[in-house]
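Report on the structure given below.
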There are 2 protein chains.
Amino acid sequence: MNTFTEENYLKAIYHLSLQSESVSTNQIAASLNTKAASVTDMLKKLADKELINYAKYQGVTLTAEGEKIALSIVRKHRLWEYFLVEKLNFKWDEVHDVAEELEHISSKELIDRLDDFMGNPKYDPHGDPIPDCNGLFKVHELKPISSLILNDSGIISGVRDHSSSFLQYLEKMQLTIGRKVKVAEINDYDHSVILNLEDKKIHISRDVANNLLISL
Amino acid sequence: MNTFTEENYLKAIYHLSLQSESVSTNQIAASLNTKAASVTDMLKKLADKELINYAKYQGVTLTAEGEKIALSIVRKHRLWEYFLVEKLNFKWDEVHDVAEELEHISSKELIDRLDDFMGNPKYDPHGDPIPDCNGLFKVHELKPISSLILNDSGIISGVRDHSSSFLQYLEKMQLTIGRKVKVAEINDYDHSVILNLEDKKIHISRDVANNLLISL
DNA sequence: GAATAATTTTAGACTAATCTAAAAATTTAA
DNA sequence: TTAAATTTTTAGATTAGTCTAAAATTATTC
Ligand SMILES: [Mn+2]
Ligand SMILES: [Mn+2]
Ligand SMILES: [Mn+2]
Ligand SMILES: [Mn+2]
């Protein structure tokens with residue numbers, strides 16, 4: 001088995017890989033709140049275990065085995081978040097830190113039974129897809145509201161910013177996963193957007209429009 | 001907060017304290033599968049943190065603070081075991097190792113909500129009492145079957161041996177928590193016992209009779 | 001009440017993960 | 001296409017937890 005720390009590195013590399021093909025030492029250091037020197041040490045270890053492809057100064061990618069482990073951590077993280085929200089009545093902005101601990105519980109039996117207990121959910125409370133017990137999940141096409149044009153409409157299906165403050169703001173505005181919105185107005189000057197939500201009009205800033213994801 | 005390892009030491013000391021007033025270095029080493037030298041190092045650290053009372057060569061006891069932490073770990077362990085059996089359909093002999101990991105999840109909010117979600121159970125799947133959110137629990141008087149005399153009867157309420165093999169044996173013999181039994185016969189030669197369970201007669205060895213606990 | 005046995009502690013070493021500071025390699029820009 | 005800036009790696013320490021072997025203390029036994 002891998003240590004807690006190795007798992008966190010693999011998960012970080014996985015998430016960063018979704019943005020850029022190859023992942024740099026500094027990117028990893030930033031995302032794990034650690035120093036580049038520490039990252040280099042760990043990269044050597046993960047490369048020895050053949051969980052990453054690593055050539056000095058060239059950045060890293062996950063091997064098939066490394067990705068498999070990363071996906072199992074992501075699966076656990078998202079299933080636990082779902083459990084916390086759906087069964088224990090946590091708010092969607094309260095679950096991340098607890099899930100950061102729970103994702104390292106090693107029992108596969110546990111997580112597969114938890115998955116069944118909850119009815120095999122496909123998305124976590126933030127709209128992120130939950131890999132199944134084989135690591136597979138659908139990637140559905142999401143667009144930030146900022147990329148829509150007038151009169152486009154769609155379903156709120158995800159967020160780009162997972163911070164509590166953003167999630168709390170969305171909750172307050174009733175801009176939660178599953179709600180249908182339509183672009184009623186776009187302000188050319190500051191790129192703020194006015195949405196139709198049911199029969200209410202909601203004014204959101206450019207930042208919010210950038211971080212709120214829609215499926216069409 | 002305390003490390004994973006410190007928590008395991010406190011819990012071990014707590015459990016050993018139930019048997020003998022003061023706990024020795026070797027007892028702790030045996031219960032944690034480690035060496036006496038390692039235990040001495042950790043005892044110094046725990047004493048510095050004022051979680052144990054420790055004088056060289058004299059054995060240790062928990063301080064009030066140390067006991068509070070130990071009880072919170074025990075609470076988490078037993079609540080998770082209950083969850084695994086009652087919600088996820090694990091068998092009572094399969095839950096211990098998973099609970100050993102889950103007991104270190106730090107969120108108090110999580111465990112208190114889990115407790116409520118399950119209806120605040122008072123006993124874990126093995127009959128052990130679950131401390132409430134203030135660390136309080138009832139100590140009910142349990143006796144091993146080996147201490148009973150002919151025609152005594154009572155309810156199976158706990159086990160002294162938590163090994164999978166013992167639990168599996170009990171399950172197979174239908175000697176599970178909550179069942180009523182009566183002593184039908186005691187064999188003077190080998191101290192084996194014949195029990196009445198409903199209308200069946202069950203023959204158990206001295207060892208089993210020693211490790212199966214009854215409330216009258 | 002010594003001598004012996006058992007227990008416990010100390011000394012010194014090792015591994016995993018981290019850090020700072022300095023060196024090496026790569027990238028960018030003049 | 002060399003110089004400067006940035007990124008990455010190495011060198012050397014540190015901390016937590018563990019170990020073996022040896023020394024110190026306590027308990028047992030003759
Ligand atoms: Mn999360
Ligand atoms: Mn999430
Ligand atoms: Mn247990
Ligand atoms: Mn138990």
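Side chains included, hydrogens not; waters and symmetry mates left out as well; all remaining heavy atoms used.
Side-chain rings of B:His96 and B:His162 stay apart, their centers remaining 6.0 Å or farther from each other. Separation of the A:Tyr9 and A:Tyr14 ring centroids does not fall under the 6.0 Å cut-off.
At whole-Å resolution of the value, CG in B:Asp48 and C1' in D:dT15 are 15 Å apart. The distance between atom CG of A:Leu43 and atom P of D:dT10, rounded to the nearest whole Å, is 11 Å. Nucleotide D:dT10 holds its P atom 16 Å from the CE atom of A:Met42, rounded to whole Å. To the nearest angstrom, P of D:dT18 lies 15 Å from NZ of B:Lys44. B:Asp41 places its CG atom 15 Å from the P atom of D:dT15, with the value rounded to the nearest Å.
Between B:Tyr9 and the phosphate of D:dA16, there is no side-chain N or O to OP1/OP2 separation shorter than 4.0 Å. At D:dA21, none of the side-chain N or O atoms of B:Lys35 fall inside 4.0 Å of OP1 or OP2 (strictly under the cut-off). Residue B:Thr34 places at least one side-chain N or O closer than 4.0 Å to OP1 or OP2 of D:dC19.
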Would you tabulate the nitrogen or oxygen pairs shorter than 3.5 Å linking the protein to nucleotides 5-8 of chain C?
residue : atom : partner : partner atom : Å
C:dT8   : OP2  : B:Asn26 : N            : 3.0
C:dT8   : OP2  : B:Asn26 : ND2          : 3.3

*Please lay out, stage by stage, how A:Asn2 and A:Glu7 fare under the test side-chain hydrogen bond (donor to acceptor under 3.5 Å, both in side chains).*
CA-CA 7 Å; A:Asn2 307 287; A:Glu7 290 185 348; 5.3 Å; no

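Within 4.0 Å of B:Thr5, counting heavy atoms only, lie sugar-phosphate atoms of the nucleic acid but no base atom.
In this structure, B:Glu67 has no side-chain hydrogen bond (donor to acceptor under 3.5 Å, both in side chains) partners at least two apart in sequence or on a different chain.
Side-chain atoms of A:Asp207 and A:Asn211 include no donor-acceptor pair closer than 3.5 Å.
Taking 4.5 Å as the limit, some side-chain heavy atom of A:Val181 sits within range of a side-chain heavy atom of A:Leu175.
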